[in-house]
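Below is one structure, written out as structure tokens; comments come after it.
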Amino acid sequence: MKNLLFIRIPSVCICFTLIIIGDAVVSLLWGSGSAFLLVLFGWLIACQVVDLVVSKIEFRKWSHYCVTESVILYLLSLFVFGIFYGEPWDISRLAAFTVIFLAADVFIFWYFRKRQEIQAKEINELIRAKECRIAAK
């Protein structure tokens with residue numbers, strides 16, 4: 001599981017992102033593509049900035065952080081994609097956007113929470129091993 005969470009998923013995401021960015025740049029240079037993928041990449045960078053700002057706030061519970069960041073990113077995403085989509089939004093498009101956003105949001109929070117749990121378990125095991133060595137002396 002650790003290999004999957006710490007190596008495989010990040011590796012796939014990084015490779016996919018670089019391939020998509022490279023394809024978007026080449027397509028734009030050849031005049032056959034749209035700037036949508038580059039806008040999307042810019043939006044992902046902006047999401048990281050939002051995460052950085054929200055993570056500076058001290059919340060009483062981790063769930064409060066999750067809800068705050070999710071609401072901010074959802075509203076900003078609606079605004080950004082509303083501008084770039086070009087077509088009017090209806091209830092079905094809003095529902096689909098919301099479901100996709102929530103699925104991605106839940107997966108991302110699960111992923112990082114699981115990574116933190118694995119790291120905490122490893123740290124606790126190292127501390128216990130050190131305490132056992134000290135007690136044995």
Side-chain angles (χ1 to χ4, degrees):
M1 178 68 120
K2 182 180 177 186
N3 191 13
L4 176 70
L5 293 176
F6 284 81
I7 297 170
R8 301 296 167 219
I9 290 175
S11 177
V12 168
C13 292
I14 290 167
C15 291
F16 180 79
T17 302
L18 292 175
I19 290 167
I20 294 298
I21 290 170
D23 180 63
V25 168
V26 168
S27 294
L28 283 173
L29 290 175
W30 287 344
S32 63
S34 76
F36 176 75
L37 291 176
L38 294 177
V39 169
L40 179 61
F41 182 68
W43 176 239
L44 292 174
I45 299 299
C47 287
Q48 293 303 307
V49 171
V50 168
D51 177 62
L52 180 67
V53 170
V54 172
S55 68
K56 299 288 184 191
I57 301 170
E58 291 196 28
F59 292 94
R60 291 183 185 196
K61 293 183 177 181
W62 183 72
S63 61
H64 295 165
Y65 159 78
C66 294
V67 169
T68 301
E69 182 175 79
S70 296
V71 168
I72 292 169
L73 289 177
Y74 178 76
L75 294 173
L76 290 174
S77 295
L78 275 176
F79 176 73
V80 168
F81 288 104
I83 290 172
F84 288 103
Y85 207 96
E87 296 179 25
W89 287 68
D90 58 8
I91 295 297
S92 63
R93 182 169 288 158
L94 181 61
F97 180 86
T98 301
V99 167
I100 292 167
F101 179 88
L102 288 175
D105 197 49
V106 166
F107 174 76
I108 290 167
F109 280 119
W110 171 84
Y111 171 79
F112 284 105
R113 182 67 169 208
K114 194 68 173 168
R115 280 180 60 126
Q116 289 173 344
E117 287 174 5
I118 290 170
Q119 288 175 323
K121 183 179 176 186
E122 287 177 346
I123 290 168
N124 288 333
E125 288 172 0
L126 288 172
I127 291 171
R128 275 190 227 108
K130 184 176 181 179
E131 288 172 349
C132 288
R133 284 193 304 267
I134 290 172
K137 289 182 180 181

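All values reported here derive from a predicted model rather than from experimental measurement.
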Heavy-atom check, side chain of [X] versus side chain of [Y], under 4.5 Å:
X   : Y   : result
L78 : L94 : yes
T68 : I57 : no
F59 : V54 : yes
D51 : Y65 : yes

Mind checking the [atom1]-[atom2] spacing from [X] to [Y]? Nearest 0.5 Å is all I need.
X    : Y    : atom1 : atom2 : result
I9   : R115 : CD1   : CZ    : 9.0 Å
S77  : I72  : OG    : CD1   : 11.5 Å
E125 : C132 : CD    : SG    : 11.5 Å
N3   : S11  : CG    : OG    : 10.0 Å
E69  : L52  : CD    : CG    : 10.0 Å
L73  : W43  : CG    : CH2   : 6.0 Å

Should [X] and [Y] be regarded as members of a common hydrophobic cluster, given that ILVMFWY residues are connected when their side-chain heavy atoms come within less than 4.5 Å of each other, either directly or indirectly?
X   : Y    : value
L29 : F41  : yes
V67 : V106 : no
W89 : V80  : yes
F79 : V53  : no
I14 : L4   : no

Give a yes or no on whether the backbone of [Y] and the side-chain of [X] come within a donor-acceptor separation of less than 3.5 Å.
X    : Y    : value
Y111 : L5   : yes
D105 : F101 : no
R133 : R128 : no

Y74 and L102: CA distance, side-chain angles, deciding distance, side chain to side chain contact (heavy atoms under 4.5 Å, CB included) verdict: CA-CA 9 Å; Y74 178 76; L102 288 175; over 6 Å; no
W30 atom CH2, over 12 foreign heavy atoms within 6.0 Å: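 Check fails, neighbour count at 12 or below.
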